[in-house]
Structure formats: C-alpha cells, structure tokens
Amino acid sequence: MKKILFLLLFVLTLAAHATVKYSEFIDAQIQLTYKMHDANITQAEASKLVKKQEEMYKNALYGLMADKSHYINHLEDFSSKIFSLKKIISINKRAGNAYAVIRDEVQIKSYLIARNINMMIKNVLIALDAKDIESFEKRLNQLTAQNQKQLSGIVKNSDEYKSLLAVQDSSKVIKAAQNNIKEFYALQDVNNDVIAYLYKFENKMYRLNMFSKYHLIKVVVYINSINIVQVINGIIDSFGLSVIKLIIIFALIFLIYFFRKLFYVVLEKYLLKSDFLNEYAEDILLRTRKSVEFLIIVINVNMVVYVYNDFSAVEFLTKFFNIIYAMIVTYIVYIVVNTVAALNLKKFEKDKTTVKGELINVGIKIVNFFIFTLGFLFILYFAGVDLTAVLSGLGIGGFAVAFAAKDTISNFFGTLSILFSDVFSQGDWIEIDGREGTVVEIGLRVTTIRTFDNALIAIPNGTFAAKDIKNWNKRKLGRRIKMRLGVKYDSKREDIKKAIEEIREMLEHHPGIATKKTKYEHLSQRRGRVAKLVSKDDLEGIKRNLLVYLDEFSDSSINILVYCFSKSVMWEEWLRTKQDVMEKMMEILEKNNLEFAFPSLSIYDETKKS
C-alpha cells in the first residue's frame with residue numbers, strides 16, 4: 001500500500017512541476033525581474049532591461065487588443081493545477097514532508113497571483129467599452145484597487161518564506177521550494193508592474209480599443225512600427241496627436257465631403273419625385289443649402305474633436321454640439337415650413353382663391369412660435385435642464401402670466417376676430433379712430449398701417465374690436481362723385497333744364513361712370529352663398545346710382561346736384577374719371593350760356609328811392 005502511495009505522489013509531483021508556465025508574457029517578465037534584482041547589474045544594463053520591459057509590455061498590449069475577445073473568453077485560471085497541488089500537499093502533510101508542503105503552498109500562491117493578474121487584465125479589457133475615457137479611468141481605479149486587496153490576502157504571512165531562502169542545502173525539495181519562493185516574490189513585482197503599465201498605457205488602450213472593434217489593430221500596429229511614423233509621433237505626441245489620428249481625421253474630412261455631395265444628389269432625387277414636396281423641392285433645397293452645409297461642417301468638427309480626444313466624448317463638448325444641432329435643425333424646419341407657406345401664398349394670390357392670405361400668414365406665425373418653442377425646449381434638454389421642473393413651473397406660473405398678459409391675450413383674440421370676420425385684409429385702405437392708411441400686415445398682436453404721409457402705425461388688434469372701422473376697399477364697383485354746380489340767378493330756366501338733361505345723358509354714356517346698365521357678376525352667385533337681410537349690391541359694395549337734378553336756390557346761386565359713381569374704385573382712376581366729367585360739364589354749361597356763380601353781396605341804398 002505504501003509503495004502505491006509513493007508512486008502516486010511521484011506521478012503528481014512530476015505533473016505539477018513539469019516546466020510551470022503561467023503564460024509566455026508572465027514567464028518572460030519573471031526572468032526579467034530576476035535580472036533586475038541581480039546585485040551585480042550595472043546602471044546601463046538596468047536601463048536596457050527597463051527599455052526591453054517597456055517594449056515587451058507594448059507588444060503585449062498590441063497582442064491583447066488584436067485578440068481581445070479570445071483573451072476574455074479563454075482566461076487561464078490555473079484551477080486544475082491548484083487542485084492537483086492541494087492533493088499533493090495533503091499527501092505530503094500526512095507523510096511529514098514539511099519543505100515539500102511549503103514548496104507547493106508557495107506554488108499555489110503564485111498561481112493565485114497569476115490568476116489575479118489575468119482577472120484584472122480581463123476586466124480592464126471589458127471596461128474599455130465604457131462610453132467615455134472618464135468612465136474607463138474610474139473603472140480602472142476600481143479594478144486595480146480590487147487587485148491590490150486580493151494580492152494582500154494572497155501574500156499575507158509570506159515573510160516566513162524568506163528564512164528558507166537562506167538555507168544552504170542541496171536537497172531537490174529545498175531547491176525547488178527556494179525557486180518557488182523567488183518566483184512568488186517576482187510575481188508580486190510583476191503584478192505591480194502590470195498595474196503601473198496599465199496606467200501608463202490607459203489612453204493608448206482606449207484608443208486601440210476603437211480600432212479593435214473594427215479589426216484594424218494589425219494595420220495600426222504596422223503603421224506605428226514604421227520608423228518615420230515613430231519619429232513623427234515623437235514630435236506631435238505632446239500636442240495629443242499621432243499619425244494614426246491624422247490619417248483618420250483627414251479620412252473623415254474626405255468621407256464627409258463625399259457623402260455631402262452624395263446626400264444632395266439623393267435628396268434632390270427623392271424630393272423632386274415626392275408627390276407632396278415636388279412643387280416646393282427646388283425652393284427648399286435652395287433656401288436650406290447654407291444651413292445644411294453648416295450642419296455638415298459642425299458634424300465634421302464634432303468627429304474631429306471626438307478622434308482627437310482618443311475616441312472619447314467630453315461631456316461639456318457633447319452638450320455644446322447637441323445644442324448647436326438643435327439650433328440648426330430648428331432653423332432648417334423653420335425655413336422649410338416658411339418656404340412652403342410663402343409659395344402657397346403666391347399660389348393663392350395667383351389663383352384668386354377664397355382662402356385669405358392673412359389667415360395663412362398668422363397661421364404660419366403660430367406654427368413658427370411652436371417650432372421655436374420646441375427648439376428652445378430641446379436646447380434646454382441638451383444643456384442638462386430638467387424639463388419636468390420647467391414645465392411644472394410654467395403650469396404654476398400660468399395664472400400670473402395670464403393676468404399680466406391680459407392685453408396680449410386680448411390682442412390675440414382681436415387677431416382672430418379680424419381674420420374670421422373679414423372686416424379688412426392686407427392691402428386694404430382703412431380708417432379707424434382718426435387714423436387712415438393701407439394695411440401692411442396683420443400680426444399676432446398688432447396690425448401695422450402705412451399712412452398716406454408714409455408713416456407706419458402699429459395698432460393693437462384689440463382696438464379693432466372696440467372701434468368703428470371704415471374700409472374703403474370693401475367695394476367692387478362704384479366710387480362716389482358728388483358735387484353741386486352753382487349757376488347765376490340771371491340764367492334762363494330753359495338753359496338750365498337743357499343743361500341738366502345733357503349732363504345726365506353725358507354721364508349715362510360715359511365709359512368711366514357706373515349706371516344701371518353696367519353689368520357685374522356677383523360673388524355670392526359664384527360661391528353659392530345667399531345674402532340675407534341686405535341686397536347683394538350692398539353686401540359686395542356695388543353702387544350704380546346716377547342723379548342729376550336741380551337741387552336748391554342758395555344765397556348766391558341756383559345749384560344743380562350731380563351724384564354718380566365711377567366704375568373704378570381705384571383712387572387715381574377715379575380722379576381721372578372725375579376730371580373728365582368736370583371738363584365735360586363745364587363744356588355743357590358754356591354751350592347753354594350758363595355761368596358759374598360765386599358768392600356775392602348786393603347793397604341797396606334806400607335813401608335814393610324816388
């Protein structure tokens with residue numbers, strides 16, 4: 001039985017000590033640590049070893065990043081080897097082999113340190129996928145602190161091993177134990193070196209991780225291995241740049257420029273084919289081109305900053321660019337909506353549609369208000385403002401705002417009253433409260449009027465609900481011509497009667513004067529509406545009255561009333577017609593031997609009576 005037990009012990013010992021390798025990298029670092037701890041090493045040799053160590057860590061970093069997923073999924077945890085050593089320790093304890101127990105206990109602790117290193121590296125590789133480098137740095141601090149805590153537990157009470165190193169004995173067991181103890185202390189140094197280089201390469205790791213996602217590590221490593229690239233990197237590294245960064249930045253600029261051209265081609269193609277936007281496509285593209293160009297430039301700058309910052313987003317810059325994006329998109333939406341509205345207004349004017357242009361104009365202003373309000377809310381959101389608190393505050397303060405803005409609300413409802421009552425429209429000549437002029441614009445709060453002496457008056461819309469409005473443009477046919485012709489008292493009755501008849505006949509046949517024979521097609525008939533309570537002529541502003549009569553015997557003249565309407569309601573055409581009528585009436589009076597009377601005073605001297 002004892003022979004079988006010792007045979008089993010021999011086999012397990014061979015299995016456990018047959019060239020122990022933690023990994024090629026860790027084994028190499030252990031050997032490098034031995035050389036650095038050599039008491040006879042010179043400073044020059046130590047410097048070479050440090051450079052060699054840094055080169056080894058750099059190559060290891062490239063190797064890890066090139067095969068990141070494999071390392072994460074196939075981590076060596078030494079479980080089977082630790083299990084075997086525990087079995088051997090149990091046997092050696094029963095056999096009383098104290099040095100063999102120490103040898104294997106130290107070996108287990110070495111495996112635990114190596115596993116601790118591997119676990120830390122694995123978790124660091126996983127942490128590289130953090131949203132930004134600040135989050136990665138925070139996670140790296142947590143992982144290194146965790147590593148040190150676990151290492152402290154592993155190396156606890158390990159000072160007792162140092163005494164064994166001083167033992168002078170040629171026994172294989174003692175030699176093996178001493179080698180394991182040296183390896184154990186060297187692994188502690190390797191663990192600390194790994195942490196130091198993790199911090200040294202943290203920015204480089206984060207950058208390389210971006211390339212690892214797209215399987216470009218080998219390309220990056222190859223470019224960085226070129227001598228001229230290494231020289232350039234040494235010069236521009238202090239500016240936070242590298243050759244790889246510059247290549248990516250210029251590639252992004254080129255790609256964005258290319259996609260900008262492609263974007264316009266695709267946009268024009270589909271916009272022009274769109275049934276809904278086809279008639280607006282060219283104007284929309286023309287008016288939004290500069291804004292889209294600026295948006296593309298901002299995207300380009302954003303990408304360059306992202307690459308420069310080691311493929312990491314900076315919080316305040318992210319907010320800044322998001323705010324810029326919100327402003328540009330809001331402005332583009334504003335341009336598109338107003339372009340469509342402007343084209344529709346022209347279309348309505350050309351087609352003489354029944355839709356009021358003012359209604360669309362005010363509607364667009366309301367839509368623009370909501371566009372800019374939403375844009376402002378998005379800007380606040382991207383700036384980090386709590387919109388819930390803002391909207392709640394608006395609800396609470398709504399009563400105070402409504403009370404303070406009662407005049408504004410009154411003017412807004414005055415606007416609705418103007419639009420839906422059809423009292424006047426833009427371009428109409430109106431008179432209100434002693435102010436007269438042409439309506440320039442009906443706004444949300446005020447209506448602007450251009451007076452005939454070229455002044456601009458802004459009248460609150462609430463005023464129109466409380467004042468009388470005289471609209472000179474609400475007439476389709478007939479602008480009044482009214483005058484009294486005064487002739488002298490010594491005129492003959494027959495001449496006056498004949499002159500009246502000729503004036504009436506002249507007006508009835510005048511091409512610029514409206515008469516009962518003047519035809520006009522009523523809008524109410526075309527629209528299928530029926531006017532109530534008033535005549536269609538009065539509803540639409542049609543006047544065709546023609547009156548020429550002997551009117552009165554005044555103090556200095558016999559007055560003939562002339563009352564008629566010009567066909568045109570335009571002021572200049574009305575003046576021309578009126579002038580022509582006056583010239584013809586003067587001619588008629590002259591032909592009938594009638595003279596215009598003028599105010600006169602006769603004085604009689606009663607003392608000269610006979």
Side-chain angles (χ1 to χ4, degrees), residues 428-432 434-438 451-454 468 470-520 535 537-538 540-610:
D428 285 357
W429 169 15
I430 66 169
E431 184 179 347
I432 177 173
R435 289 166 288 189
E436 187 176 7
T438 303
T451 63
F452 295 119
D453 56 355
N454 208 20
D468 294 333
K470 185 182 289 186
N471 190 333
W472 295 104
N473 280 83
K474 288 297 180 181
R475 50 190 176 185
K476 301 298 180 182
L477 179 70
R479 183 165 181 162
R480 189 177 67 176
I481 298 174
K482 180 182 179 182
M483 62 185 71
R484 285 179 172 82
L485 304 178
V487 297
K488 292 182 177 181
Y489 268 101
D490 60 359
S491 302
K492 294 181 180 180
R493 181 178 60 83
E494 292 80 4
D495 293 338
I496 295 174
K497 185 177 180 181
K498 187 178 180 182
I500 291 172
E501 290 175 357
E502 289 181 6
I503 290 172
R504 186 183 294 116
E505 185 178 358
M506 179 270 295
L507 292 173
E508 286 179 349
H509 292 89
H510 196 286
I513 298 297
T515 66
K516 292 182 179 179
K517 295 179 181 180
T518 303
K519 293 182 179 180
Y520 180 81
S535 67
D537 285 353
D538 289 331
E540 297 181 20
I542 311 300
K543 291 293 184 181
R544 292 176 279 203
N545 299 41
L546 197 159
L547 304 172
V548 183
Y549 290 101
L550 194 62
D551 186 37
E552 63 179 343
F553 297 106
S554 67
D555 293 337
S556 303
S557 62
I558 300 172
N559 292 336
I560 301 171
L561 173 65
V562 177
Y563 186 91
C564 62
F565 290 85
S566 65
K567 289 180 179 178
S568 175
V569 296
M570 303 303 294
W571 187 45
E572 188 175 356
E573 294 179 11
W574 173 78
L575 287 174
R576 279 200 297 266
T577 301
K578 184 179 178 183
Q579 176 180 310
D580 187 59
V581 166
M582 290 175 69
E583 288 174 352
K584 285 182 168 56
M585 287 192 295
M586 289 170 63
E587 185 180 343
I588 291 171
L589 292 179
E590 289 176 3
K591 188 174 68 173
N592 288 282
N593 302 314
L594 298 175
E595 295 182 14
F596 286 103
F598 50 87
S600 59
L601 178 65
S602 298
I603 300 174
Y604 297 93
D605 187 358
E606 293 186 356
T607 60
K608 291 184 179 182
K609 288 182 180 181
S610 55

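Here the structure is a predicted model, which means the values were calculated and not measured. Position 1 is the first residue of the sequence; numbering continues from there.
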What is the minimum heavy-atom distance between [X] and [Y], and which atoms define it?
X: Lys488; Y: Ala597; answer: N-CB, 3.8 Å
X: Ile500; Y: Val548; answer: CG2-O, 3.6 Å
X: Leu546; Y: Thr515; answer: CD1-CG2, 3.7 Å

Pairwise side-chain contact, [X] with [Y], heavy-atom cut-off 4.5 Å (strictly under):
X: Ile481; Y: Val562; value: no
X: Leu594; Y: Leu485; value: no
X: Met506; Y: Met585; value: yes
X: Thr577; Y: Lys567; value: no

Check side-chain hydrogen bond (donor to acceptor under 3.5 Å, both in side chains) between [X] and all other residues, then give those that pass, not counting sequence neighbours.
X: Thr451; answer: Asp453
X: Glu552; answer: Asn559
X: Glu431; answer: none
X: Lys492; answer: none

Open item on the list: Does Glu508, at its CD atom, have more than 12 non-hydrogen atoms belonging to other residues, nucleotides or ligands within less than 6.0 Å?
Closed with: yes
Open item on the list: I'd like to know whether CD of Glu572 has more than 12 heavy-atom contacts from other residues, nucleotides or ligands below 6.0 angstrom.
Closed with: no
Open item on the list: Lys578 vs Met483, test: side-chain contact (heavy atoms from CB on, under 4.5 Å). Steps then yes/no.
Closed with: CA-CA 10 Å; Lys578 184 179 178 183; Met483 62 185 71; 4.2 Å; yes
Task: Pairs involving residues 541-569, ordered by first then second residue, that meet ring pair (Phe, Tyr, Trp, His ring centres under 6.0 Å) (sequence neighbours left out) - done: Tyr563-Phe565
Task: Residues which pass side chain to side chain contact (heavy atoms under 4.5 Å, CB included) with Lys497, listed by chain and number, not counting sequence neighbours - done: Glu501
- [ ] Please report the C-alpha distance between Lys584 and Asp580 in whole Å, then the side-chain angles of each, then the deciding distance to 0.1 Å, and finally whether the salt bridge (Lys or Arg N to Asp or Glu O under 4.0 Å) criterion is met.
- [x] CA-CA 6 Å; Lys584 285 182 168 56; Asp580 187 59; 3.0 Å; yes
TODO: Measure from the side-chain N and O atoms of Trp574 to the backbone N and O of Gly478, and report whether any donor-acceptor pair falls under 3.5 Å.
DONE: no
